[in-house]
Visitor: 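Here's a structure for you.
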Amino acid sequence: MSYQNDDPWKYPMSKTESLAEGDYDGWQYTNYVYPRASGDLKKILKPLIEKIKAYDKRRLVLQQEGGSLFDLGMIAALLSANFELGDNFGKHVVSLTKLNTIKTALISINGFDLSIQVRQLATHMPVYYLCRIHRDYWSEYGLIVEDLYISPDYPMHDDRFVKLMSTGHETYYLRLAQFRERMKHLPAIRAIKGDQWRIDRQTDELLYLLGRHVFQAAWHEDQRLGVLAARHFNMPCFQRAIELLYLCLSGELCELRAVASGDLFEFFEKVYRQPAIVAFMACLKRVPGSALNDIPRVALRQFSKLGKAFSAFLRTEVVWGSRQTKVPLHKLVFANVNRMHLVAGNLGENPEVRKASTKLETQSRRIIDVILDIENDKENIAKNNK
């Protein structure tokens with residue numbers, strides 16, 4: 001993972017984005033878009049957000065209580081109605097049925113840092129997601145740093161990952177916006193009083209730091225099944241072990257060691273509780289530099305063990321269905337990935353599943369302990385080599 005500018009917000013990402021999108025011409029410096037405070041953005045985007053809210057309100061009533069052709073006509077009128085969106089530098093006439101007009105207005109307002117997404121429900125009704133993003137071209141994933149509006153029922157099966165349309169195809173983004181409100185209580189942000197722009201900037205920079213040095217490695221779309229099982233079958237240590245192993249195998253440990261500070265420790269202690277990562281960062285501060293090379297080797301061996309333990313968990317047979325036949329757990333999990341909350345209650349009460357999850361949790365704790373005991377592991381290796 002390569003370094004970017006030490007201050008990623010010194011020059012707005014919109015300039016970099018315009019170059020990447022091929023929209024650059026020699027005079028574009030005159031249209032330079034600087035980052036705004038969140039409060040200003042929400043005020044500017046209020047007409048758009050209010051229009052979507054009004055639509056969502058009518059849509060929910062129609063879905064939950066039913067309605068007539070008149071109600072459908074009102075929804076169609078809301079979606080097609082023109083309204084103005086923009087700031088003091090320019091106004092755009094947009095409508096919810098003409099997404100390109102909204103995208104053009106958003107670029108004018110805040111460069112390529114704003115994104116609006118539309119998805120179709122099973123009822124053929126659209127739902128909307130408006131967010132602010134940070135595209136990190138040096139990393140695998142871009143970051144969602146702020147949720148500006150999410151329609152009820154917007155499909156978000158894993159709150160860590162959201163697919164956004166980017167350059168004509170869907171791309172996973174890490175959704176760190178879920179932490180934004182809770183980060184207000186961190187000392188580095190709480191110390192800033194009365195200046196919303198500085199508060200927003202400090203929050204953005206901390207989210208960028210966390211995304212770049214921790215979450216880019218600790219979170220991966222390949223983990224979705226494991227994290228889903230961990231959450232629905234009450235296996236917190238299993239999820240912590242997954243994230244810790246990915247961090248060890250994919251992270252730049254030298255960089256993480258350099259930036260691990262009070263802000264990062266506070267975040268993983270109070271905002272996103274991950275005691276394994278807290279202990280690991282503390283361990284990185286203590287171990288000699290030569291020990292860092294051993295961490296991926298040890299983690300790779302433990303990753304194999306955790307994979308085998310999870311496979312054994314999924315092979316657990318449970319009695320299921322009206323015929324009360326035995327079914328391997330993996331069939332039920334794979335068949336219900338997007339609706340696990342509907343079946344997890346019954347599965348979680350199954351004695352065989354409880355027994356298997358306890359066994360997997362025990363193995364996960366052992367694996368975390370092995371990673372965090374890298375200092376002693378290095379000493380044991382030296383003794384064995386003699």
Visitor: So if you build clusters from Ile, Leu, Val, Met, Phe, Trp, Tyr with side-chain heavy-atom gaps below 4.5 Å, do M156 and V227 land together?
Guide: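 Shared cluster, no.
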Visitor: Tell me whether K42 contacts the main-chain N or O of L148 through its side chain, where contact means a donor paired with an acceptor under 3.5 Å.
Guide: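 The answer is no, because no donor-acceptor pair under 3.5 Å joins these two groups.
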Visitor: Any side-chain heavy atom of L85 sitting closer than 4.5 Å to one from K91?
Guide: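 They are not in contact (no side-chain heavy atoms under 4.5 Å apart), so the answer is no.
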Visitor: Any side-chain heavy-atom pair from L306 and S364 closer than 4.5 angstrom?
Guide: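 Contact flag for L306/S364 side chains = yes.
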Visitor: Would V127 and V118 count as a side-chain contact (heavy atoms from CB on, under 4.5 Å) here? Give the steps.
Guide: CA-CA 6 Å; V127 284; V118 185; over 6 Å; no
Visitor: Got a second to check how far I189's CD1 is from M183's CE, nearest 0.5 Å?
Guide: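 One gets 4.0 Å once the value is rounded to the nearest 0.5 Å.
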Visitor: Closest approach of L48 and L96, non-hydrogen atoms and distance?
Guide: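 Distance-wise, the nearest heavy atoms are CD1-CD2, 3.9 Å.
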Visitor: Strictly under 6.0 Å, is that where the ring centroids of Y149 and Y128 end up?
Guide: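 No, the ring of Y149 stays outside the 6.0 Å limit from the ring of Y128, centre to centre.
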Visitor: Specify the closest pair of heavy atoms between R257 and P288, including all atoms of both residues, with the distance to one decimal.
Guide: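 For R257 and P288, the tightest heavy-atom pair comes out as NH1-C, 3.9 Å.
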Visitor: Tell me which one of Q64, R58, E65, Q63 satisfies side chain to side chain contact (heavy atoms under 4.5 Å, CB included) with V61.
Guide: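 Of the listed residues Q64, R58, E65, Q63, the side chain to side chain contact (heavy atoms under 4.5 Å, CB included) partner of V61 is E65.
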Visitor: Supply the atom-to-atom distance Q196 CD to T203 OG1, rounded to the nearest 0.5 angstrom.
Guide: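 Spacing of CD (Q196) from OG1 (T203) equals 8.0 Å.
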Visitor: State, yes or no, whether a side-chain contact exists between V145 and I133 at a heavy-atom distance under 4.5 Å.
Guide: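 The answer is no; the side chains never approach within 4.5 Å.
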Visitor: Please answer: with hydrophobic residues joined when any side-chain heavy atoms are less than 4.5 Å apart, are L314 and V327 in the same cluster?
Guide: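 Yes, one cluster joins them.
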Visitor: Heavy-atom count check: over 12 atoms from other residues, nucleotides or ligands less than 6.0 Å from R198 CZ?
Guide: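 Atom CZ in R198 is not crowded, with 12 or fewer foreign heavy atoms closer than 6.0 Å.
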Visitor: For the residue pair F303 and Y246, categorise the inter-ring angle as parallel (less than 30°), tilted (30 to 60°) or perpendicular (more than 60°).
Guide: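 The arrangement is perpendicular - the two ring planes meet at more than 60°.
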Visitor: Please determine whether a side-chain nitrogen of the Lys or Arg among D153 and R59 lies less than 4.0 Å from a carboxylate oxygen of the Asp or Glu.
Guide: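 A salt bridge is present here (some side-chain N lies under 4.0 Å from a carboxylate O).
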Visitor: Ring centroids only, cut at 6.0 angstrom: are F233 and F238 within range, meaning strictly under it?
Guide: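 Centroid separation for F233 and F238: 6.0 Å or greater.
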Visitor: Would you check if L143 and Y173 make a side-chain contact, meaning some heavy-atom pair closer than 4.5 Å?
Guide: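 A side-chain contact is absent here, since even the closest heavy-atom pair is not under 4.5 Å.
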Visitor: So, for P152 and L60, which heavy atoms are closest and what is the spacing to 0.1 Å?
Guide: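 Result for this residue pair: CG-CD1, 3.7 Å.
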Visitor: Verify, without hydrogens or angle tests, whether E181 (side chain) and Q178 (backbone) share a donor-acceptor contact under 3.5 angstrom.
Guide: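 Checking the backbone N and O of Q178 against the side chain of E181, no donor-acceptor pair under 3.5 Å is found.
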Visitor: Could you tell me whether D147 and R132 make a salt bridge, using a distance below 4.0 angstrom between a side-chain N and a carboxylate O?
Guide: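 Answer for the salt bridge query: no.
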Visitor: Are the side chains of T316 and P328 in contact, using a 4.5 Å heavy-atom criterion?
Guide: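 No, their side chains stay 4.5 Å or more apart.
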Visitor: Starting at CH2 of W197, measure out to CZ of R201 and round the result to the nearest 0.5 Å.
Guide: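 Separation between the atoms: 4.5 Å.
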Visitor: Determine whether a donor-acceptor pair (N or O, by modelled atom type, separation under 3.5 Å) exists between the side chain of Q223 and the backbone of A218.
Guide: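 Looks like yes, one N/O pair under 3.5 Å.
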Visitor: Nearest 0.5 Å, please: how far is CG in N350 from CZ in R354?
Guide: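 Nearest 0.5 Å value for the CZ-CG distance: 7.5 Å.
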Visitor: Would F215 and Y141 count as a ring-ring contact (aromatic ring centres under 6.0 Å, His included) here? Give the steps.
Guide: CA-CA 9 Å; F215 289 116; Y141 301 107; over 10 Å; no
Visitor: Do F280 and I371 touch side chain to side chain, with heavy atoms closer than 4.5 Å?
Guide: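 SC-SC contact between F280 and I371 confirmed.
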Visitor: Does this structure show an ion pair linking E243 with R273, if we count only N-O contacts that are shorter than 4.0 Å?
Guide: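 Looking at E243 and R273, the cut-off is not met.
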Visitor: State whether D204 and R180 are salt-bridged, where the test is any N-O pair (Lys NZ or Arg NE/NH1/NH2 against Asp/Glu carboxylate O) under 4.0 Å.
Guide: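 Here D204 pairs with R180 in a salt bridge, since their nearest N and O are under 4.0 Å apart.
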Visitor: Quick check against the 3.5 Å criterion: does E266 have a side-chain atom that pairs as donor or acceptor with the backbone of L186?
Guide: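 Such a contact is absent between E266 side chain and L186 backbone.
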Visitor: Could you check K43 against D87 for salt bridge (Lys or Arg N to Asp or Glu O under 4.0 Å), going step by step and ending with a plain yes or no?
Guide: CA-CA 10 Å; K43 188 181 298 183; D87 52 18; over 6 Å; no
Visitor: First locate atom CG of N82, then atom OG1 of T101, and finally report the distance between them rounded to the nearest 0.5 Å.
Guide: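 N82 CG to T101 OG1: 8.0 Å, rounded to 0.5 Å.
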Visitor: Determine whether a donor-acceptor pair (N or O, by modelled atom type, separation under 3.5 Å) exists between the side chain of S304 and the backbone of R301.
Guide: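 No, because the side chain of S304 does not come within donor-acceptor range (under 3.5 Å) of the backbone of R301.
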Visitor: Does the side-chain contact (heavy atoms from CB on, under 4.5 Å) test come out yes or no for L329 and R315, once each step is laid out?
Guide: CA-CA 6 Å; L329 186 59; R315 286 196 300 269; over 6 Å; no
Visitor: Examine V93 and L45 and state if one hydrophobic cluster contains both, with Ile, Leu, Val, Met, Phe, Trp and Tyr joined whenever side-chain heavy atoms are less than 4.5 Å apart.
Guide: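 No, it is not one cluster - the side chains of V93 and L45 are not joined through contacts under 4.5 Å.
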Visitor: Is it true that a side-chain atom of Q302 and a backbone atom of I368 form a donor plus acceptor pair closer than 3.5 Å?
Guide: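 Between the backbone of I368 and the side chain of Q302 there is no qualifying donor-acceptor contact (under 3.5 Å).
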Visitor: Can you say whether the rings of W219 and F161 are parallel (under 30°), tilted (30 to 60°) or perpendicular (over 60°)?
Guide: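 Tilted, since the angle between the ring planes falls between 30° and 60°.
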Visitor: Ignoring hydrogens, what is the shortest heavy-atom contact between L372 and A276? Give both atom names and the distance.
Guide: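 Residues L372 and A276, closest heavy atoms: CD2-O, 4.0 Å.
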Visitor: Does L342 have more than 12 heavy atoms from other residues, nucleotides or ligands lying within 6.0 Å of its CG?
Guide: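 More than 12 within 6.0 Å, yes.
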Visitor: Treating D71 as the side-chain partner and G67 as the backbone partner, does any N or O pair qualify as donor plus acceptor under 3.5 Å?
Guide: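 Looks like no, no N/O pair under 3.5 Å.
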Visitor: Take S357 and N234, measure what side-chain contact (heavy atoms from CB on, under 4.5 Å) needs, and give me the verdict at the end.
Guide: CA-CA 8 Å; S357 62; N234 192 25; over 6 Å; no
Visitor: Step by step, would you call V162 with I144 a side-chain contact (heavy atoms from CB on, under 4.5 Å)?
Guide: CA-CA 9 Å; V162 177; I144 298 175; 3.9 Å; yes
Visitor: Without swapping roles, check the side chain of H92 against the backbone of V94 for a donor-acceptor pair under 3.5 Å.
Guide: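 Flag not set: sc H92 to bb V94 has no pair under 3.5 Å.
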Visitor: How are the rings of Y208 and H134 set relative to one another: parallel (under 30°), tilted (30 to 60°) or perpendicular (over 60°)?
Guide: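 Correct class here is perpendicular.
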Visitor: With a 4.5 Å cut-off on side-chain heavy atoms, are L62 and M125 touching?
Guide: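 When only atoms from C-beta onward are counted, L62 and M125 do touch, with a gap below 4.5 Å.
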Visitor: Quick check: are there more than 12 heavy atoms from other residues, nucleotides or ligands sitting under 6.0 Å from NZ of K285?
Guide: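 Enclosed.
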Visitor: Compare every heavy atom of E140 with every heavy atom of Q216, then report the nearest pair and how far apart it is.
Guide: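 Closest approach of Q216 to E140: OE1-N, 3.7 Å.
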Visitor: Is the shortest heavy-atom distance from the side chain of C237 to the side chain of R240 under 4.5 Å?
Guide: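 When only atoms from C-beta onward are counted, R240 and C237 do touch, with a gap below 4.5 Å.
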Visitor: Roughly how far apart are D113 CG and I107 CD1, rounded to 0.5 Å?
Guide: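 Separation between the atoms: 11.0 Å.
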Visitor: Counting N and O atoms only, with roles assigned by atom type, does the side chain of R119 sit under 3.5 Å from a partner on the main chain of Y154, one being a donor and the other an acceptor?
Guide: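 Side chain of R119 to backbone of Y154, a donor-acceptor pair under 3.5 Å: no, none is there.
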Visitor: Does one hydrophobic cluster hold both I49 and I75, with members joined at side-chain heavy-atom distances below 4.5 Å?
Guide: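 Hydrophobic grouping puts I49 with I75.
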Visitor: Looking only at non-hydrogen atoms, find the nearest pair between L347 and V353 and report the distance.
Guide: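 Minimum heavy-atom contact is O-CB, 3.3 Å.
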Visitor: Using the rule that two of Ile, Leu, Val, Met, Phe, Trp, Tyr join whenever any of their side-chain heavy atoms come within less than 4.5 Å, decide whether L292 and L300 are in one cluster.
Guide: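 Same cluster: L292 reaches L300 through Ile, Leu, Val, Met, Phe, Trp or Tyr contacts under 4.5 Å.
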Visitor: For R297, is there an ion pair with D294 - N to carboxylate O distance below 4.0 angstrom?
Guide: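 Yes, D294 and R297 are salt-bridged.
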Visitor: For the backbone of M165 and the side chain of Q117, can you confirm whether one donor and one acceptor N or O come within less than 3.5 Å of each other?
Guide: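 Looks like yes, one N/O pair under 3.5 Å.
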